[in-house]
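Below: one structure, written as structure tokens.
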Amino acid sequence: MHAGHKSATGGERRRRELASIYARHAGAKYERLFLECCARRDTILSIRAWLGRVRLPALVPPLLRTAYPSVFRGFPNHEIRDLLTMV
């Protein structure tokens, strides 16, 4: 493998690569969700950390759905949790 095959350094190039993988394997709906989550990454990570500290990680998806209804509408909790592992 060479640099043209992988974006090991992260950053914007890695986000685009992951978004294209979501689009190819899960569809445009999940590509959009991934990009929306990346745009809100700092807030999402803060929410996850805070709820983790108080031992309420199950509340992350419902709280995100409340904070960003247009982003998370129509996604079940388990899909939100799965996607957040990539953000």
Side-chain angles (χ1 to χ4, degrees):
M1 298 228 318
H2 56 79
H5 287 124
K6 189 169 178 167
S7 55
T9 59
E12 183 58 32
R13 184 173 174 200
R14 180 67 177 152
R15 278 189 290 280
R16 285 194 314 267
E17 180 184 32
L18 289 171
S20 72
I21 291 169
Y22 272 110
R24 185 172 43 249
H25 295 286
K29 177 179 170 183
Y30 292 91
E31 175 188 25
R32 180 195 58 78
L33 179 60
F34 175 75
L35 292 171
E36 293 279 352
C37 288
C38 286
R40 294 162 175 81
R41 183 177 188 273
D42 292 341
T43 303
I44 289 170
L45 292 179
S46 294
I47 290 169
R48 286 176 62 192
W50 184 79
L51 288 173
R53 280 194 297 275
V54 296
R55 300 181 187 270
L56 295 171
L59 293 181
V60 172
L63 185 58
L64 289 175
R65 196 176 290 109
T66 301
Y68 303 109
S70 64
V71 174
F72 294 100
R73 184 178 295 119
F75 290 96
N77 289 347
H78 71 277
E79 289 181 3
I80 294 170
R81 275 192 304 272
D82 291 347
L83 184 120
L84 292 179
T85 63
M86 300 299 289
V87 174

For this session: Report the residues that fulfil side chain to side chain donor-acceptor pair (under 3.5 Å) with R41, sequence neighbours left out, ordered by chain and then residue number.
Result: none
Exercise. Can you list every salt bridge (Lys or Arg N to Asp or Glu O under 4.0 Å) pair that touches residues 29-39, not counting sequence neighbours?
Worked result: E36-R40
For this session: Please step through side chain to side chain contact (heavy atoms under 4.5 Å, CB included) for the pair R81 and T85, ending with a clear verdict.
Result: CA-CA 7 Å; R81 275 192 304 272; T85 63; over 6 Å; no
Problem set entry | Shared hydrophobic cluster for L51 and L45 (ILVMFWY, side-chain gaps under 4.5 Å) | no
For this session: Supply the atom-to-atom distance L18 CG to L35 CG, rounded to the nearest 0.5 angstrom.
Result: 9.5 Å
For this session: Please collect all side-chain hydrogen bond (donor to acceptor under 3.5 Å, both in side chains) contacts where either partner lies in residues 18-27, sequence neighbours excluded, each pair once.
Result: none
Exercise. Going by the side-chain hydrogen bond (donor to acceptor under 3.5 Å, both in side chains) test, which pairs reach into residues 47-58, not counting sequence neighbours?
Worked result: none
Exercise. What is the distance from atom CG of L33 to atom SG of C37, rounded to the nearest 0.5 Å?
Worked result: 4.5 Å
Exercise. Rounded to the nearest 0.5 Å, how far apart are SG of C38 and CD of E12?
Worked result: 8.0 Å
Return all side-chain donor-acceptor pairs below 3.5 angstrom for residues 59-79, not counting sequence neighbours, or 'none' if the list is empty.
residue : atom : partner : partner atom : Å
R65     : NH1  : N77     : OD1          : 3.1
R65     : NH2  : F75     : O            : 2.7
R65     : NH2  : N77     : OD1          : 2.8
T66     : OG1  : P62     : O            : 3.0
E79     : OE1  : Y30     : OH           : 2.5
E79     : OE2  : Y30     : OH           : 3.3

